[in-house]
2 protein chains.
Amino acid sequence: MMEKDQFEDGIWLYCSNSAVRRAARQLGQLYDDAMGDTGLKGTQFSLMSQIARSGESTLKRLAEIMVMDLSALGHTLKPLLRDGFVELIPDEKDRRVKRVRLTDAGAAKQRELTARWTVAQDHFDKAFGKEKSEELRRTLAFISSPEFARAFSGGDEIRGPVPPKGQG
Amino acid sequence: MMEKDQFEDGIWLYCSNSAVRRAARQLGQLYDDAMGDTGLKGTQFSLMSQIARSGESTLKRLAEIMVMDLSALGHTLKPLLRDGFVELIPDEKDRRVKRVRLTDAGAAKQRELTARWTVAQDHFDKAFGKEKSEELRRTLAFISSPEFARAFSGGDEIRGPVPPKGQG
DNA sequence: TCTATTTAGTGGCATATGCCAGTAAATTCC
DNA sequence: GGAATTTACTGGCATATGCCACTAAATAGA
């Protein structure tokens, strides 16, 4: 009955933003649990993993591919820098540019957390289906793409004066 | 080419948590843009809309159906309470319990923002496809469900000692 | 009835995220 | 070459989110 309420009464069935946010909260909690008392969260693990994968990427580039505001990325890196898991390196050609990489300690931590992530990911696949999981991730990647954003923003009409179109 | 990198180099193609988070960031930005200079964000609109829909729900219940930590809900309500869009009402039978509803000002604001939300939602449907949107929202609702969380956590093995299963 | 346990909410602390303003550096334009 | 414009990053402010500790109230158990 309680679960029935969830499926019938929620704006998340009508609003895509809310639906994605709500799912993000659920998964965020589950993946944070998976990290246990390691001192880091699921999101920090993800960030470190992407840093490792991108290989000394510039901050701007990293923020772009993660579809994240540059200053937000800077903020989010703070604890990782503070704890010595990540370091910033100046670019050789452009003094404005910073590059980011894992420290040795960071790489070791990332490996430790990968073991926990693997368990969580297996659990996700078990609960949702492995192939459906891959399909879902591709779908979400499309939604996260510049292509989608362009299609969403079309003629930029939501950025200009908005003619009232209320339901109310 | 840059977009190609996005599709080929990101952990979001392998990690469901990251994928949902990244999509949430994209949509968060787009729906926030849709709210324009109204003084409220997409998330606040969603919260007010769900409050309206739930009808004087208890805080605990609201947090549950939104798959949100109760204290997080309390925090998130603060600016809405402060600005008079939302009010808390004591429960008649249990002095611990608070119920939440929109004020008249809040209801008016919610109607105003609904007009903007409708535009954004139309844009989402245009970019993604209306029927695919509905399907995606159902999928995300399943992921957000207690049923999914139970299947994910089944046996609670990630809550206990975690045997190393590293990739590293 | 009384004690032990559970529950609903609050505040604190910390990370996650985004807009904005400002500075220094690079690029563009005349 | 010099001025105007754009770019990359940093810090500030505010909301978003979650764990934790605590208090008051309700419930469960003896």
Side-chain angles (χ1 to χ4, degrees), chain A residues 17-18 20-33 35-48 57-64 66-83 85 88-100, chain B residues 17-18 20-33 35-48 57-64 66-83 85 88-100:
Chain A
N17 186 34
S18 301
V20 170
R21 277 278 193 164
R22 187 162 169 268
R25 289 197 289 272
Q26 173 89 301
L27 289 186
Q29 290 172 36
L30 293 172
Y31 277 74
D32 279 357
D33 284 349
M35 296 297 127
D37 60 358
T38 59
L40 293 181
K41 304 194 167 201
T43 40
Q44 290 173 309
F45 165 71
S46 296
L47 179 53
M48 286 165 71
S57 167
T58 66
L59 290 181
K60 173 124 173 32
R61 183 71 189 121
L62 184 63
E64 277 174 355
M66 291 186 70
V67 190
M68 185 183 249
D69 180 73
L70 175 59
S71 70
L73 175 60
H75 299 321
T76 303
L77 278 171
K78 281 281 170 53
L80 296 177
L81 288 162
R82 177 198 70 206
D83 295 344
F85 294 131
L88 297 180
I89 312 140
D91 186 67
E92 295 185 345
K93 300 178 183 175
D94 186 333
R95 289 172 56 187
R96 299 172 302 180
V97 173
K98 297 273 181 64
R99 292 181 176 274
V100 60
Chain B
N17 186 36
S18 302
V20 170
R21 276 279 193 165
R22 187 163 169 265
R25 289 197 289 271
Q26 173 90 297
L27 289 186
Q29 290 172 36
L30 293 173
Y31 278 73
D32 279 357
D33 285 348
M35 296 298 128
D37 59 359
T38 60
L40 293 182
K41 304 194 165 197
T43 41
Q44 290 172 310
F45 165 72
S46 296
L47 179 53
M48 287 166 70
S57 168
T58 67
L59 290 182
K60 173 125 177 18
R61 181 73 191 122
L62 185 63
E64 278 173 357
M66 292 187 69
V67 190
M68 187 183 249
D69 180 73
L70 173 60
S71 68
L73 174 59
H75 300 321
T76 304
L77 278 171
K78 281 281 169 56
L80 297 178
L81 287 162
R82 178 197 70 206
D83 296 344
F85 294 130
L88 297 181
I89 311 138
D91 186 67
E92 294 185 346
K93 300 178 183 176
D94 187 333
R95 288 173 55 188
R96 299 171 304 178
V97 173
K98 298 272 180 68
R99 292 181 176 273
V100 59

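Chain A is the first sequence line, chain B the second, and so forth, proteins listed ahead of strands; every chain is numbered from 1.
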- [ ] Only counting residues at least two apart or in another chain, list the ones meeting salt bridge (charged side-chain N to carboxylate O under 4.0 Å, His left out) with A:Asp94.
- [x] A:Arg96
Task: Distance in Å, A:Asp32 CG paired with A:Leu27 CG, rounded so as to fall on 0.5 Å steps - done: 10.5 Å
Task: Beyond-backbone contact of B:Leu30 with A:Asn17, side-chain heavy atoms, under 4.5 angstrom - done: no
Task: Spacing of B:Arg21 atom CZ and A:Arg21 atom CZ [to the nearest 0.5 Å] - done: 8.5 Å
Open item on the list: Taking side chain to side chain donor-acceptor pair (under 3.5 Å) as the definition, give me every residue that meets it alongside A:Arg95, ordered by chain and number, with sequence neighbours left out.
Closed with: none
- [ ] Report the residue (A:Gln44 or B:Lys60) whose heavy-atom-nearest nucleotide on DNA chain C is the more 5′ of the two.
- [x] B:Lys60
- [ ] For DNA chain C, note the earliest and the latest nucleotide, 5' to 3', having some atom under 4.0 Å of a heavy atom belonging to chain B.
- [x] C:dT7 to C:dG18
- [ ] Decide yes or no for B:Leu59 and B:Leu88: does some side-chain heavy atom of the first lie under 4.5 Å from some side-chain heavy atom of the second?
- [x] yes
- [ ] Given side chain to side chain contact (heavy atoms under 4.5 Å, CB included), test A:Leu62 with A:Leu47 step by step and report yes or no.
- [x] CA-CA 10 Å; A:Leu62 184 63; A:Leu47 179 53; 4.3 Å; yes
TODO: State which residues pass side chain to side chain donor-acceptor pair (under 3.5 Å) with B:Arg99; sequence neighbours excluded, sorted by chain then number.
DONE: B:Asp91
TODO: Work out how much the helix from C:dT1-D:dA30 to C:dC30-D:dG1 bends between its end axes, five pairs an end, to the nearest 10 degrees.
DONE: 20°
Open item on the list: Less than 4.5 Å apart, side chain to side chain, heavy atoms only: is that true for B:Phe85 and B:Leu40?
Closed with: yes
At a cut-off of 3.5 Å, list every protein nitrogen or oxygen paired with a nitrogen or oxygen from nucleotides 27-29 of chain D, distance to 0.1 Å.
none

Task: Between D:dA24 (C1') and B:Asp91 (CG): distance, integer Å - done: 15 Å
- [ ] Return the set of residues passing side chain to side chain contact (heavy atoms under 4.5 Å, CB included) with B:Pro79 (not counting sequence neighbours), or none when no residue passes.
- [x] B:Gln44, B:Arg82
TODO: Return the residues of residues 69-79 of chain B meeting this criterion: a heavy atom under 4.0 Å from some atom of DNA chain D. Order them by number, or give none.
DONE: B:Asp69, B:Ser71, B:Ala72, B:His75, B:Thr76, B:Pro79
Task: Minimum heavy-atom distance B:Arg22-A:Met66, with the two atoms named - done: CG-O, 3.7 Å
Open item on the list: Once side chain to side chain donor-acceptor pair (under 3.5 Å) is applied, do any residues pair with B:Ser71, and if so which ones, sequence neighbours excluded?
Closed with: B:Asp69
TODO: Report which part of the nucleic acid A:Arg99 touches: base, sugar-phosphate, or nothing (heavy-atom distance under 4.0 Å, all strands).
DONE: nothing
Open item on the list: Go nucleotide by nucleotide along DNA chain D from the 5' end; which of A:Leu59 and A:Arg21 gets its closest nucleotide reached first?
Closed with: A:Leu59
- [ ] Mind checking side chain to side chain donor-acceptor pair (under 3.5 Å) for A:Lys78 and listing every partner two or more places apart, or none if nothing turns up?
- [x] none
